[in-house]
Peer 1: 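Before I ask anything, let me first share the structure, which is written out below as structure tokens.
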Amino acid sequence: MSAQNTMHTNVVQPNPQQPLLNPYQNQRFAVPGTAGGFGPPDQSYGRPAQPSYQQPPAAYINTGPVAKNGAPPRVIPIAALNPFQGTWKIKARVTAKTHVKHYINGQGPGKLFTFDLLDAHRGEIRAKCFKEVVDQFYDLIEVGKVYLISSRGGLKPAQKQYNPLNNDYEISLDARTCVEVCSDDDSSIPRQQFNFRKISELANMDKGVLIDLLGVVTSVSPTFTLMRKNGVETQKRVLELKDMSGCSVETTFWGNFCDAEGQQLQLLCDSGSNPILVLKSGLVGDFKGRSVSTINSSVLQINLDLPEAESLRQWYITEGKDAAFTSLSVGMSSMGRTDVRKTVAQIKDEDLGRSEKPDWITVMGAIWSIKTETFCYPACTAEVNGTRCTKKVINNGDGMWQCDSCGQSSQNCEYRYMLQCHIQDHTGIITFATAFQEAGEVIIGLPAQDLFRIKHEDQDEIKFADIIQQARYQQYLFKLRVKEETYNDETRVKCNIVKVQKLGRHVKRESLSSGSN
DNA sequence: CCCCCCCC
């Protein structure tokens, strides 16, 4: 009932009693099991019902005597499981299941598979089977089914690095574990629990974070077979996902996900429909800026009957289709279709900017230094053909600003950016580049007028230095116009930063030499 | 007890 009681309450509410697993997990939605009396089946979201079992009720701990009597243990919430109890029993639905992984370590060859469990109280936990336990349970465990699982002990600290579930523990199944399928598909147990992130949020996430995404699939590549470094062949597909945040991200399906789900998505895309994909437990990567990929324990669901999916579909049909998207994976479309990725080193190596037309390239890198003496210039505020002149004006001494470009003079001027930056990318090579008004404002984070006031009117050197410092060690995507220019008989290739996008990543300070300013 | 997701 709890899911129905709270349906359509997509409330952001971290449980104050439980520390968040990571800063990105603040929303949880659950898809309930079959219809429980009202509301369409499988279509409800529930606010996380997360009673705190950090201090398990006494009844859950004192299972010892009961177990010794041989009486079957009572079902307890997953959230009450802990390593200090004896016999336990849970009732939960399997929400994900990996394939069997074979490996060789110091003890010789081994194998394992894992599956994830969710119970009626929204408690979740990962279960692991090794060696012969794999054979014992692999076929029995099916995603979507409800099981009664009982055992003694077997609780270990969760490997948070690989396991996004909201539980401090994991279960290791062993010979003492009893797993039985529940014939009644308990509708009080949600089918899935999602914690959807917007694609735009990926920009501020670290590589390695596991997330749930809900996106429109706008393209699907064929399956590629490639050889891994260890000589084992693997398959991949590359998809583009978009959502209402106006961002898109390149998403890679690995291995088995290429087959069933990848195939189905390709057919749907080819037939002109825009399937909605749920990717549960996708891994954030930083390839081409930001990327997402499947891992073994990922779950894919196509056109799942969710209100969120339906509104995304409607939005995409009515406006999304024609909207401009910001790609978090450079090379897709973020900086325009003609986007050409280059390194700073290539500007020189390939003699860019030496031909008739400018070269337009995109470079990922960081600001290495900013020239602080002249970061802006007084610009003409006069209108010429309906737009601001913005050329440089000169104070002619009588309080008037004279523009040599449009010939007008005015009582005021406007300070506009002409930021002279050194930009550096992973090749370590540095180039000089100039950012004008719009790009300068993105880099500095303040209008040029404000920075001018801080430095020249307030004369707050500390604040000024602080602001400049903030712009460093920050990853950006620079769209550069590269063109040679002749000035005073000297011809040089100049780079103008025509567009800049913050990637939301700080570069390690050590990777940049200590620059001036 | 494995293992980050493989490649560009």
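Every chain is numbered from 1, with letters handed out A, B, ... down the list of sequences. These numbers come from the heavy atoms of this one structure, side chains and all, not from hydrogens, waters or symmetry mates.
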Peer 1: Scan A:K111 against the nucleic acid and name what it touches under 4.0 Å (heavy atoms): base, sugar-phosphate only, or nothing.
Peer 2: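 The answer is nothing, as A:K111 stays clear of every strand by at least 4.0 Å.
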Peer 1: Nearest whole angstrom, please: distance from the C1' of B:dC1 to the CD1 of A:I171.
Peer 2: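 Atom-to-atom, A:I171 to B:dC1, this comes out as 17 Å.
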Peer 1: Between B:dC1, B:dC7, B:dC5, which nucleotide gets closest to the side-chain atoms of A:T252?
Peer 2: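 Minimum distance to the A:T252 side chain belongs to B:dC7.
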Peer 1: Measure the distance from NZ on A:K101 to C1' on B:dC5 and round it to the nearest whole Å.
Peer 2: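 Answer to the nearest Å: 8 Å.
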Peer 1: Rounding to an integer number of Å, can you tell me how far A:H99 NE2 sits from B:dC5 C1'?
Peer 2: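 From A:H99 NE2 to B:dC5 C1': 14 Å.
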Peer 1: Report the distance from atom CZ of A:R228 to atom P of B:dC6, rounded to the nearest whole Å.
Peer 2: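 The answer, rounded to whole Å, is 10 Å.
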Peer 1: Please state how far atom OH in A:Y162 lies from atom P in B:dC5, giving the value in whole angstrom units.
Peer 2: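 In whole Å, B:dC5 P lies 10 Å from A:Y162 OH.
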Peer 1: Taking A:E350 first and then A:K342, would you say they form a salt bridge - that is, a charged N and a carboxylate O separated by under 4.0 Å?
Peer 2: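 Answer for the salt bridge query: yes.
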Peer 1: With A:D168 as reference, evaluate A:K156, A:K160, A:R126 under the salt bridge (charged side-chain N to carboxylate O under 4.0 Å, His left out) test and give the passing residue.
Peer 2: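 Going through A:K156, A:K160, A:R126 one by one, the salt bridge (charged side-chain N to carboxylate O under 4.0 Å, His left out) with A:D168 is satisfied by A:K160 alone.
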Peer 1: For the side chain of A:F287, counting heavy atoms from C-beta on, which of B:dC3, B:dC5, B:dC8 is nearest?
Peer 2: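 Ranking B:dC3, B:dC5, B:dC8 by closest atom to the A:F287 side chain puts B:dC8 first.
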Peer 1: With a 4.0 Å cut-off on heavy atoms, is A:T294 in touch with a base, just the backbone sugar-phosphate, or nothing at all?
Peer 2: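 Sugar-phosphate only.
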Peer 1: Validate the cation-pi geometry between A:K97 and A:Y138: distance from NZ or CZ to the six-membered ring centre under 6.0 Å, angle to the ring axis within 45°.
Peer 2: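 The answer is yes; both the distance and angle limits are met.
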Peer 1: Write down the distance between CD (A:Q235) and P (B:dC6), rounded to a whole number of angstrom.
Peer 2: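 One finds 15 Å between P of B:dC6 and CD of A:Q235, rounded.
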Peer 1: Rounded to whole angstrom units, what separation is found between the CG atom of A:L239 and the P atom of B:dC8?
Peer 2: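 Distance, rounded to whole Å: 20 Å.
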Peer 1: May I have the distance from A:N163 (atom CG) to B:dC1 (atom P), rounded to whole angstrom?
Peer 2: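 So the two atoms are 13 Å apart, to the nearest Å.
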Peer 1: Any base atoms under 4.0 Å from A:K236, or only sugar-phosphate, or nothing? Heavy atoms, all strands.
Peer 2: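 Base contact - A:K236 has a heavy atom under 4.0 Å of at least one base atom.
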Peer 1: Quick check on B:dC6: is either OP1 or OP2 less than 4.0 Å from any side-chain nitrogen or oxygen of A:W254?
Peer 2: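 For A:W254, the contact criterion (side-chain N or O under 4.0 Å from OP1 or OP2 of B:dC6) is met.
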Peer 1: Taking 4.0 angstrom as the limit, do A:K91 and A:D186 come out as a salt bridge?
Peer 2: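 Between A:D186 and A:K91 there is a salt bridge, with a charged N closer than 4.0 Å to a carboxylate O.
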Peer 1: Report yes if the side chains of A:Q85 and A:L155 come closer than 4.5 Å at any heavy-atom pair, otherwise no.
Peer 2: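 Counting from C-beta outward, A:Q85 and A:L155 do come under 4.5 Å.
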